[in-house]
Enquirer: 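Pasting a structure below so you can have a look.
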Amino acid sequence: MDAKKLDYNFYQRPDVVQIAEELVGKVLCSQIGDAPVTSGIIVETEAYCGRNDKACHANNGLRTDRTETMYQAGGVAYIYLCYGIHHLFNVVTNEKDKADAVLIRAIQPLDGIDTILSRRKAEKIRPPVSAGPGRLTQALGITTDLSGANLTDSIIWIEDRNISIKDTDIKSTPRIGVDYAGEHANRPWRFSLKNSDWVSQ
DNA sequence: CATTTGATGTTCT
DNA sequence: GAACATCAAATGC
């Protein structure tokens, strides 16, 4: 097996947009409670930058109880409750006090398919099971309890399995659902795998 | 099919 | 009270 867990050298680099692009094709894994390991290939991400990005919760140094995790040094999980229902999973990047993060928007299930299906109350493995930020967290059993978890030494982590992705297979487009961010909403900070059925609509 | 609506925690006004 | 990094179920063609 040629899997390598991503470490601080990956997460703590300063360019969150580049990290977001490189995360496409990596494998997000979780091992919750007594359940088997569940994992999936990341096929869609979005970059959020703490400085000068109106779409980010922590824009311009805004600190709340919820966003405090984003100010930690890169390599931890920032998980937050959206619309009171959905747990959204982000990877915190950059150094301490720089609130950058990458939102994982969609995965393609790899390991622990039965567990994923049972969490999602689905019978067949097809895109609605894990295409979408609220769906993938449910599929992997990720909840806000795990916010602040260390991605290098905990029950959630990201592996590089040397899945080869060509630069030309990744497309960058404007982010989703952030129209309120004005001109910043048009930044092409969403990265997705071309020709994948597992990218959210 | 497309469009609307209900669910509902955290944060801001 | 309103808005929000969403989803699923109900309703209208």
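Quick note on labels: first sequence line is chain A, next is B, and so on, each numbered from 1. All values reported here derive from a predicted model rather than from experimental measurement.
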Enquirer: Between B:dT10 and C:dA8, how many Å separate the two C1' atoms, rounded to a whole number?
Expert: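 Those two atoms are separated by 22 Å.
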Enquirer: Just name whichever nucleotide pairs with C:dG12, Watson-Crick or G-U, keeping both distances under 3.5 Å, else none.
Expert: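 Pair assignment: C:dG12 / B:dC1.
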Enquirer: Would you indicate, yes or no, if C:dC7 has its OP1 or OP2 atom less than 4.0 angstrom from a side-chain nitrogen or oxygen of A:R105?
Expert: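 Answer is no, no contact under 4.0 Å.
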Enquirer: Starting at NE2 of A:H87 and ending at C1' of B:dT8, how long is that distance when rounded to a whole Å?
Expert: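 For the pair A:H87 NE2 and B:dT8 C1', the rounded distance is 12 Å.
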Enquirer: Base, sugar-phosphate, or nothing for A:R175, non-hydrogen atoms under 4.0 angstrom?
Expert: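 Result for A:R175 = nothing.
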Enquirer: List the steps, then state whether side chain to side chain donor-acceptor pair (under 3.5 Å) holds for A:T64 with A:T67.
Expert: CA-CA 5 Å; A:T64 66; A:T67 60; 3.3 Å; yes
Enquirer: With a 4.5 Å heavy-atom cut-off, do A:T137 and A:L88 have their side chains touching?
Expert: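 SC-SC contact between A:T137 and A:L88 ruled out.
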Enquirer: Hydrogens and angles aside, do A:R135 and A:S200 bring a side-chain donor and acceptor to less than 3.5 Å of each other?
Expert: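 No - no donor-acceptor pair under 3.5 Å links their side chains.
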Enquirer: To the nearest angstrom, how far is A:Y83 atom OH from C:dC4 atom C1'?
Expert: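 A:Y83 atom OH is separated from C:dC4 atom C1' by 5 Å.
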Enquirer: Taking the side chain as every heavy atom from C-beta outward, state whether A:D53 and A:W189 have any pair of such atoms under 4.5 Å apart.
Expert: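 Yes. Closest side-chain heavy atoms under 4.5 Å.
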Enquirer: Which parts of residues 55-73 of chain A get close to DNA chain B, meaning a heavy atom less than 4.0 angstrom away?
Expert: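 Output list: A:L62, A:T64, A:D65, A:R66.
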Enquirer: Taking atom P in both B:dT5 and C:dC13, what distance in whole Å separates the two?
Expert: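 These two P atoms come out 13 Å apart once rounded.
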Enquirer: Taking atom P of C:dA9 as reference, at what distance in whole Å does atom NE2 of A:H86 sit?
Expert: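 That distance rounds to 11 Å.
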Enquirer: With a 3.5 Å cut-off and no angle check, do the side chains of A:Q138 and A:R120 form a donor-acceptor pair?
Expert: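 Per modelled atom types, A:Q138 and A:R120 side chains form a pair under 3.5 Å.
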Enquirer: Just the rounded figure in Å: distance from C1' of C:dT6 to CG of A:D179.
Expert: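 Answer to the nearest Å: 14 Å.
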Enquirer: Can you tell me how far P of C:dT6 sits from CD of A:Q201, to the nearest Å?
Expert: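 After rounding, the reported distance stands at 12 Å.
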Enquirer: Between C:dT6 atom P and A:E44 atom CD, what is the distance in whole Å?
Expert: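 That distance rounds to 11 Å.
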Enquirer: Quick one: do the A:Y8 and A:N150 side chains pair a donor with an acceptor below 3.5 Å?
Expert: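 Indeed, the side chains of A:Y8 and A:N150 share at least one donor-acceptor pair under 3.5 Å.
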Enquirer: Could you go through A:Y11 and A:V92, starting from their C-alpha distance and side-chain angles, then the distance that decides it, and tell me whether this counts as side chain to side chain contact (heavy atoms under 4.5 Å, CB included)?
Expert: CA-CA 7 Å; A:Y11 296 118; A:V92 176; over 6 Å; no
Enquirer: Tell me the interatomic distance from A:I85, atom CD1, to B:dT10, atom C1', rounded to whole angstroms.
Expert: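 In whole Å, B:dT10 C1' lies 13 Å from A:I85 CD1.
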Enquirer: Could you check how far CZ of A:F89 sits from P of C:dT6, rounded to whole Å?
Expert: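 Distance check: A:F89 CZ to C:dT6 P gives 17 Å.
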